[in-house]
Each structure stands twice: as structure tokens, then as C-alpha cells.
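Notes follow once the structure below has been shown.
Below, read A as the first sequence line, B as the second, and so on, with proteins coming before strands; counting in each chain starts at 1.
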Protein chains: 2
Amino acid sequence: MAEKSIKKRANLRDVAKAAGVSVATVSRVLNTPELVTVSTRETVQAAIEALHFVPSAAARSINSGRSHVIGALVPTLDNAIFSKFLGALETKLGEYGLSLVVATTDSDPDIEAQKAQRLVNIGAEALIVSGISHSPDFDSLISRTRMPTVATSFYDPSYRYPTIGYDNAAASRKALEFLIGKGHQHIAVFHGPTDHHDRMRARLSGLHGQGVLHSFETDITLEGAGMAINALFETSPHVTAILCLSDVLALGALFGLQRRNVQIPHQMALMGVDDLPSSASAFPSISTIHLPAAEMGARTAEAVANWVEHQSEPEPFLIDTSLIAREST
Amino acid sequence: MAEKSIKKRANLRDVAKAAGVSVATVSRVLNTPELVTVSTRETVQAAIEALHFVPSAAARSINSGRSHVIGALVPTLDNAIFSKFLGALETKLGEYGLSLVVATTDSDPDIEAQKAQRLVNIGAEALIVSGISHSPDFDSLISRTRMPTVATSFYDPSYRYPTIGYDNAAASRKALEFLIGKGHQHIAVFHGPTDHHDRMRARLSGLHGQGVLHSFETDITLEGAGMAINALFETSPHVTAILCLSDVLALGALFGLQRRNVQIPHQMALMGVDDLPSSASAFPSISTIHLPAAEMGARTAEAVANWVEHQSEPEPFLIDTSLIAREST
DNA sequence: AGACCTTGTGAAACTAGTTACATTGTTGAT
DNA sequence: ATCAACAATGTAACTAGTTTCACAAGGTCT
């Protein structure tokens with residue numbers, strides 16, 4: 001029979017023994033093969049094949065001090081805006097040879113702190129979070145570990161971590177001013193929960209003192225928007241425009257209005273914030289504020305890669321937003 | 001001045017020295033504190049705080065042989081069906097103390113093999129892939145590393161890795177038979193690219209020899225569906241029902257039909273496969289085949305967790321699909 | 001009072017790699 | 001012929017934890 005097949009996994013020493021060379025030579029074959037004679041290299045390669053040797057990632061990173069893993073904490077994967085961001089982030093990190101660990105927080109700061117700890121435990125080299133409201137536990141973890149940390153989706157140059165994101169208040173204000181400019185006097189605002197949700201809060205705060213607003217808080221889901229539409233028609237019949245602080249809500253509102261046979265934009269104008277693909281394709285297409293989530297992902301990846309590779313902490317970066325007028329207004 | 005602040009990061013030996021105990025004692029304080037006297041425990045804790053000591057993940061996993069990281073390879077994050085799956089997967093893995101590394105493949109087997117190698121390099125304990133078409137490089141990597149691997153979205157008990165997924169052919173057939181049962185004679189099929197895309201291929205193959213079909217291949221995006229609608233009206237005017245092999249296409253088709261002022265379902269019936277939230281909320285709501293992506297995520301997480309914790313390879317598992325009749329048919 | 005057991009702690013040997021330094025052998029120049 | 005230079009390889013000391021085993025101190029039982 002063959003060698004003891006009970007044995008778990010071959011290591012460098014096993015390969016060295018099998019090939020009749022030292023561990024150093026095997027290590028060289030793996031990392032700097034040009035320093036090894038072709039003949040010994042082949043012997044070693046053969047031993048590697050024969051023993052199904054795969055170098056241990058842990059042992060490698062204990063020496064290099066690198067894990068090549070970046071952790072990202074996002075509220076949810078159910079909103080396309082985060083998927084888009086993460087997709088771009090993963091792709092760009094990949095170009096730097098970095099892998100992305102995703103953790104969802106359900107917008108709960110305690111879960112975030114807990115998952116951040118887990119990311120530290122698995123050896124993440126840097127963390128990426130959404131927004132600027134985090135629990136004290138989270139902050140203390142970051143300060144203890146001195147972990148490179150970037151906050152996204154929110155631009156605030158005075159924040160304790162570098163931010164790469166939008167001016168959320170300005171984005172929603174831009175949308176509101178556009179609607180006001182179109183002559184709307186009674187505007188409803190659909191928004192998601194604001195506790196622990198700084199971006200939503202900032203977007204709402206951008207609307208203060210501007211025109212007559214009726215605001216409706218609901219879950220950021222299509223059904224949530226449907227319920228908000230129902231609430232709107234029960235309480236505020238003379239509203240002529242709806243500003244949704246998320247395109248998910250805008251699409252849900254579109255469906256809700258269509259179901260009530262309300263003509264868009266004639267009887268009701270509709271506007272979102274995010275610019276998801278659905279807003280461009282919908283009929284009627286939905287006006288929105290374009291948030292370049294993919295660009296934010298790519299820039300965040302670059303910032304983080306630079307930080308972990310060259311210890312250069314990134315500068316805060318403001319991502320531009322732009323208004324896209326479509327058929328719904 | 002304080003201690004040399006140049007020093008990178010405190011390790012166990014530093015803490016032991018500072019606390020005046022042995023490294024073994026510090027290790028015990030971290031892992032089995034009940035074995036350590038309260039007084040020494042406190043001394044050690046104080047030293048840990050003072051030195052900002054954070055145990056090295058790499059050193060830990062070199063001993064335990066565990067990284068607590070699972071790798072998932074998905075085609076894209078841009079399709080909600082994968083986000084939903086990954087969200088459930090991440091949540092359930094979290095319950096087992098496992099973290100999820102996400103890698104996107106863009107449906108390219110070569111990129112998949114390359115990213116799989118990277119996941120191995122960072123020490124992933126298991127891999128999760130979509131579908132059953134993978135490159136030889138990928139298969140050779142799996143066989144060399146003997147890495148636990150689960151294939152999802154596709155049920156095939158004879159496949160070389162355990163599969164946890166749907167019977168895609170049966171799902172689409174179910175939809176088609178439903179449409180035929182409604183009296184439709186000329187049915188168009190919208191589907192995504194079939195090369196490297198076994199699920200789409202399987203769904204298409206499920207339709208063979210059933211009624212008069214006109215098939216349109218396009219990108220699985222809302223715009224792709226819009227283009228397919230245009231192609232449909234140019235080439236096949238007497239079609240009375242569209243079967244979209246993805247709900248993304250169905251929603252895009254809905255918008256495209258609305259734009260052409262085609263009444264749904266009177267002038268054109270519409271049906272999808274996936275059951276994304278948009279299909280339930282759309283107006284009219286879209287009939288579809290419900291694919292429980294979240295359930296698949298949770299089951300996959302359980303299977304993988306069991307595999308890595310107890311070395312028990314999971315049995316293939318068929319996830320049931322069900323037809324949901326809505327307003328669009 | 002001596003044997004026995006429990007508890008707390010430390011020394012050193014593990015885990016699996018990388019790498020600085022030492023050694024050997026060959027070639028080329030003086 | 002001799003010595004320097006260099007290429008190829010080995011030895012052993014690192015990286016940062018965990019864990020086994022040994023040992024000392026204190027308490028209990030006969």
C-alpha cells in the first residue's frame with residue numbers, strides 16, 4: 001500500500017524530505033524559482049505534485065504580516081446600490097491582489113461592531129464601512145487595532161476616518177429644488193428609517209426649510225413604498241410631486257401610482273435618489289440624482305489598497321452627484 | 001518618553017514580559033481564562049490593554065488549521081438573485097462563526113479558476129460556486145487541494161461536487177406549460193447568454209419540443225430585455241406571451257411593453273423565472289417561478305459549515321420551485 | 001505525618017512557512 | 001597555480017501563537 005493516507009496534509013518539510021532537499025530549497029522553488037537549478041526545481045515540483053502539497057496561507061501570512069483580505073461592512077445586500085458598490089469594490093481590489101470579505105450589519109451598530117471584530121479575528125488588513133454612525137465598541141476596536149478604516153457613502157472631511165462618498169444633503173436638496181423649479185408646491189418625501197442611518201438623515205436634513213413638505217417614513221423596499229403611497233393618498237391628497245430618497249422607493253412608488261391609475265408626471269411627478277438601472281428603464285423613466293456607486297467602489301478600493309500597501313492614509317474624497325431629468329418629472 | 005513607539009505591534013511575548021508571566025499564561029488568559037487566577041488574569045489584561053495587543057489571526061490559524069473563511073464565486077453582484085443568495089449565505093455562515101469572501105467571475109470560467117486560486121491562497125476553508133460548468137484549471141485546483149466545494153443554483157446528484165439547487169429545466173418547463181395551458185400558441189422566450197451559463201442552458205433545454213417558440217438571446221439586464229422586445233416586434237408579431245428565463249428580463253420586458261402601450265396580459269402575457277421582489281410589486285405584477293434563493297443560501301451555509309466543522313460531505317439537495325400566478329398572465 | 005490530589009504556572013516543543021547567513025563547488029582572472 | 005567571485009544549497013533562526021508536560025504549592029484523607 002501507499003504511504004500512510006491518514007496523514008492530513010503535506011507541509012514544506014515533507015516535500016523537502018521527499019525531494020531530498022532542504023526546506024529552504026522548496027521555499028525557493030515556490031517563491032524565487034530562478035535561484036534554483038532547473039534539475040532540482042523539477043525534482044521538487046515532482047514531489048509537490050506527488051504529495052498534493054499546497055502551501056499554508058496562515059504560515060505565509062505570519063511571515064509576511066499580510067493577509068490580502070479587506071473587510072467591508074454594509075447594511076444589506078438587498079439594495080442594488082450596495083451590490084453595485086461591492087461589485088466595483090471587489091473588482092478593483094482584485095486588481096491589487098486583494099480579496100473582499102463581506103459582512104452585513106442590517107444597519108445595526110451593535111451587529112456592525114460584532115462583525116467588525118470578526119473581520120479583525122480573521123485577519124482583515126483594513127475595514128470599509130458605510131456612513132459615519134458607529135458604535136463605541138466599533139470605534140474602540142479600530143483605535144485598539146489601529147486598523148485602516150474608510151467610511152463610504154458619506155463625505156465628511158472632519159470625520160475620524162477618511163470618508164469617500166457623497167454630499168447626501170446636497171443631493172436631496174438638488175432634487176427638491178428641481179421639483180420646486182418645476183412649479184410643485186406640495187411635495188411629499190418618502191424616506192427610510194433615520195435611526196442609525198446617517199445618509200438618510202443627511203438627505204432629509206438637506207430638505208429643511210424648503211417648500212411645503214409631507215414626509216413619510218417607511219422601509220426601503222418596494223412594498224414599503226407601496227404602503228407610503230397608500231398613506232399619502234389618505235392624508236395628503238393635494239400633493240403633486242413625490243421625492244423618494246432612494247430609487248427603490250421611487251420604483252415602488254411608481255408601481256403604486258400605476259396601480260391607482262395616477263398619470264406620471266401629469267397628475268404626480270416622481271423623483272428618486274441613487275440612479276439604479278431600474279430608474280432608467282422604467283416606464284415612465286424616473287428622474288433621479290445619480291450617485292456613482294461603482295466609482296465610489298473603485299475609488300475606495302484604490303484608497304484602501306494604497307493604504308495597506310504603502311501605509312499612506314487616503315484623503316477624504318467627495319464623489320460628485322448629478323441630477324438626471326427623465327420622464328417622471 | 002514612552003516605550004519605543006517605532007515598534008510595530010505587540011505580540012504574546014511582549015505582553016508576557018510586561019505582565020511578568022510566561023507566554024503560556026497570556027495564551028490562557030485569552031483562551032481559557034478560567035484556568036488562570038483572577039489576580040494574574042487582571043495583571044495580564046492590563047498589559048494587553050496597555051500594549052494594545054491584538055492576537056495575530058495568522059498565528060492562530062496556523063495552530064488551529066482553521067481560517068473561518070469561506071469563499072463564494074458568483075457571476076455577478078448586479079443581479080438581485082445573487083445578492084439575495086449571498087445575503088442569506090453570509091447571515092447563516094455568520095451564525096456558525098464563518099466569514100464570507102466574495103469573488104465575482106463575470107461568468108468567465110478562466111476568471112473563476114483564477115479567483116478560486118486566490119481564495120485558496122488566502123486560506124479559504126471551502127468554496128461555493130454557481131452552476132456546474134467550470135474550467136479544467138478549477139477542477140484540478142479542487143482535486144489538488146481537496147477543498148470542500150459546493151455547487152449551487154443547479155441540482156445534479158451525479159455531479160462531482162455536491163449540488164444544492166434547483167431543477168432549472170423543470171422550472172422553465174413548468175412556466176411554459178402554464179402559458180400553454182392558458183391557451184397561448186405563439187410564445188417568445190427571452191433568455192440570457194448560454195455559453196458558460198449552464199443554468200440558462202438548462203432552463204432553455206427544459207422547453208424543447210413544447211409548442212411554437214421564438215427565442216431571443218440578450219444580456220440579462222433591463223436594457224437587454226428592452227432590446228429583445230424591439231426585436232420581437234420586428235420579427236414575430238403574432239406572439240401572445242413572453243416567457244423570460246430571468247425576472248430581470250421580465251421586468252425589462254414589462255417596461256418595454258408599457259412603452260409600446262401593449263396591454264398586459266390582454267395583448268401580451270408575461271412570465272418570468274426567479275421571483276425577485278420587483279415581480280411581486282410591479283404593476284401589473286409578474287407571474288413567475290419562485291426560486292428560493294434565500295433558502296438556497298441558508299442551506300448552502302449549513303452544508304458548508306457542517307463540512308468544514310465535522311468533515312461530513314453534504315448530500316446533494318434539490319430546492320423546490322413553485323409557480324406563482326400573478327396579474328401578468 | 002505522610003501519601004495523594006488538585007491547582008496554577010512556566011519551559012519548551014510544537015504549528016508551517018520565510019530568510020539571513022554559512023557552506024560548498026565551480027569558473028575566471030591574474 | 002591561486003584567489004576572488006558567484007551560483008546553488010543547507011542550517012538554523014526567525015515569524016506568533018497553542019499546547020504538552022513538568023513542577024511547585026497547597027489542601028485533604030487515612
* Salt bridge present between A/Lys92 and A/Glu95 (N-O < 4.0 angstrom) -> yes
* Using 4.0 Å as the upper bound for N to carboxylate O, is an ion pair formed by A/Asp14 and A/Arg9? -> no
Under 4.0 Å between a side-chain N or O of [X] and OP1 or OP2 of [N]?
X: B/Thr25; N: C/dG10; result: yes
X: A/Ser64; N: D/dT15; result: no
X: B/Thr37; N: C/dT9; result: yes
X: A/Ser27; N: C/dT18; result: yes
X: A/Asn63; N: D/dT15; result: no
X: B/Ser22; N: C/dG10; result: yes

* Determine the interplanar angle of the A/His134 and A/Tyr159 rings, folded into 0 to 90°, and report it as parallel if under 30°, tilted if 30 to 60°, perpendicular if over 60°. => tilted
If I take atom [atom1] in residue [X] and atom [atom2] in nucleotide [N], what distance separates them, rounded to the nearest angstrom?
X: B/Lys17; N: C/dA11; atom1: NZ; atom2: P; result: 12 Å
X: B/Arg13; N: C/dG10; atom1: CZ; atom2: P; result: 14 Å
X: A/Leu30; N: C/dT18; atom1: CG; atom2: P; result: 6 Å
X: A/Glu42; N: D/dA8; atom1: CD; atom2: P; result: 14 Å
X: B/His68; N: D/dG17; atom1: NE2; atom2: C1'; result: 14 Å
X: A/Leu12; N: C/dT15; atom1: CG; atom2: C1'; result: 13 Å
X: A/Arg41; N: D/dA7; atom1: CZ; atom2: P; result: 15 Å
X: B/Leu35; N: D/dT19; atom1: CG; atom2: P; result: 11 Å

* Pick base, sugar-phosphate or nothing for B/Thr40, based on heavy-atom distances below 4.0 Å to the nucleic acid. => sugar-phosphate
* Asked: Counting any heavy atom closer than 4.0 Å, what does A/Val54 reach on the DNA or RNA strands: base, sugar-phosphate only, or nothing?
  -> sugar-phosphate
Quick one: does any side-chain atom of [X] pair with a main-chain N or O of [Y] as donor and acceptor, under 3.5 Å?
X: A/Thr91; Y: A/Gly87; answer: yes
X: B/Arg41; Y: B/Pro33; answer: yes
X: A/Ser312; Y: A/Trp307; answer: no

* Below 3.5 Å, does any donor atom in the side chain of B/Arg28 face an acceptor in the base of C/dG8, or the other way round? -> no
Side chain of [X] (C-beta onward), nearest among [options]:
X: B/Ile62; options: C/dG17, D/dA16, C/dT18; value: D/dA16
X: A/Val23; options: C/dT18, C/dA11, C/dA16; value: C/dT18
X: A/Arg60; options: C/dT15, D/dT18, C/dT18; value: C/dT18
X: B/Asn31; options: C/dT18, C/dT9, D/dT18; value: D/dT18

